[in-house]
Amino acid sequence: MGNLLALGVLSVLAYQPMHPYEMAGTLRGWGKDRDLGIKWGSLYTVVRNLARHQLIAEVETVREGARPERTVYRLTDEGRAELLDWTRELLTDGEPFRAGLSLLSVVPPGDAVVLLQQHVDALAARIGELRDQLERETVPRLFLVELEYDIAMATAEAAWTGALRDEIASGAFPGLEVWKSHHEPR
């Protein structure tokens, strides 16, 4: 899967069953349209594809007043596994990392700590590679400032990600108990 709208649909259905119009409203309300680069025109196609691949399933068709019928969908076990795998990938070394952060709540806090550490480790390796590349260059600095920028951005991201990891691991992250309870067996 590569469509971040599909990831967004899976994430809202992890919260509760919904019809596509409600999915769109929830994604907008949560600000996920910013984080996932959603193209709204493909929502119904994405929902049909997720259902065809059995990642979501129809629950019921409802009609409210004079509105058209709306099919309500739920997340399947396969869909939940896909959501978790995809989010884990985005949090460790995937692109865009921001999309993974946007869906951090779908993994338990303990897993988030491990995944964020893996991201910090991947960034450290990337920073090392970039520094090695910079040291090998023989052209004037003017032609290397973008490489310096890449190092600075990766360094800042590693520091921020490490601080977030530490805040979650220490228990200081606000709302941690609610986050943990969301992942307890029901």
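We number each residue from 1, following the sequence as shown.
Nearest heavy-atom pair across A51 and Y73 is CB-CE2, 4.3 Å. Closest approach of L176 and G171 over heavy atoms only: CD2-CA, 3.4 Å. Pairing each heavy atom of V46 with each of A6, the nearest pair is CG1-CA, 3.5 Å. Contact record, P109 with I168: O-CG2, 3.8 Å, taken as the closest heavy-atom pair. Closest heavy-atom contact between N49 and H53: O-ND1, 2.8 Å. The heavy-atom pair separating E22 from P17 by the smallest distance is OE1-O, 4.3 Å.
For the pair L10 and E82, the minimum side-chain heavy-atom distance is below 4.5 Å. Between V120 and W160, every side-chain heavy-atom pair lies at or beyond the 4.5 Å cut-off.
No more than 12 heavy atoms of other residues, nucleotides or ligands sit less than 6.0 Å from atom CD of Q54. Atom CG of D77 sits in a sparse spot, with 12 or fewer heavy atoms from other residues, nucleotides or ligands closer than 6.0 Å.
Each of I56, V72, L13 was compared with M18 under the side chain to side chain contact (heavy atoms under 4.5 Å, CB included) criterion, and only L13 meets it. For the side chain to side chain contact (heavy atoms under 4.5 Å, CB included) test with L101, the passing option among L116, T87, L90 is L116; the others fail.
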Exercise. How far apart are the C-alpha atoms of L104 and W179, what are their side-chain angles, what is the distance that settles it, and do they pass the side chain to side chain contact (heavy atoms under 4.5 Å, CB included) test?
Worked result: CA-CA 10 Å; L104 190 62; W179 182 6; 3.8 Å; yes
Problem set entry | Test log, rule side chain to side chain contact (heavy atoms under 4.5 Å, CB included), inputs D33 and L27 | CA-CA 6 Å; D33 49 342; L27 286 166; 5.9 Å; no
For this session: Assess whether salt bridge (charged side-chain N to carboxylate O under 4.0 Å, His left out) is satisfied between R141 and E148, documenting all intermediate values.
Result: CA-CA 9 Å; R141 180 175 179 219; E148 292 177 1; 2.7 Å; yes
For this session: Tell me, with the steps shown, if T71 and V59 meet side chain to side chain contact (heavy atoms under 4.5 Å, CB included).
Result: CA-CA 7 Å; T71 303; V59 174; over 6 Å; no
For this session: Start with the C-alpha distance between R70 and Y21, add both sets of side-chain angles, then the distance that settles side chain to side chain contact (heavy atoms under 4.5 Å, CB included), and finish with yes or no.
Result: CA-CA 8 Å; R70 295 183 175 172; Y21 186 78; 3.7 Å; yes
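A donor-acceptor distance shorter than 3.5 angstrom exists from the side chain of H183 to the backbone of V107, with no hydrogens or angles considered. Judged purely by atom type and a 3.5 angstrom limit, T92 uses its side chain to pair as donor or acceptor with the backbone of E89. A donor-acceptor contact shorter than 3.5 Å links the side chain of T76 to the backbone of L55. Between the side chain of S170 and the backbone N or O of E167, at least one donor-acceptor pair lies under 3.5 Å. Between the side chain of K32 and the backbone N or O of S102 there is at least one donor-acceptor pair closer than 3.5 Å.
Distance check: D150 CG to E129 CD gives 12.0 Å after rounding to the nearest 0.5 Å. Note: R48 CZ to L43 CG = 9.5 Å, rounded to the nearest 0.5 Å. To the nearest 0.5 Å, the span separating CG on L83 from CZ on R88 amounts to 9.5 Å. Residue R165 holds its CZ atom at 4.5 Å from CD of Q117, rounded to the nearest 0.5 Å. Distance check, rounded to the nearest 0.5 Å: CD1 of I127 to CE of M153 gives 11.0 Å. Note that CG of L147 and CD of E135 are 10.5 Å apart. Values are rounded to the nearest 0.5 Å.
One hydrophobic cluster holds both Y15 and V47 under the rule that ILVMFWY side chains link at heavy-atom gaps under 4.5 Å. Criterion: ILVMFWY side-chain heavy atoms under 4.5 Å apart, direct or through other members. Under it, L103 and F173 are part of a common hydrophobic cluster. One hydrophobic cluster, built from ILVMFWY side chains closer than 4.5 Å, holds both L142 and L134. No continuous path of ILVMFWY side-chain contacts below 4.5 Å connects V106 to V114, so the two sit in separate hydrophobic clusters. In terms of hydrophobic clustering, with Ile, Leu, Val, Met, Phe, Trp and Tyr side chains grouped at heavy-atom distances under 4.5 Å, I151 and F143 are assigned to a common cluster.
For H119 and F97, the ring centers are positioned less than 6.0 Å apart.
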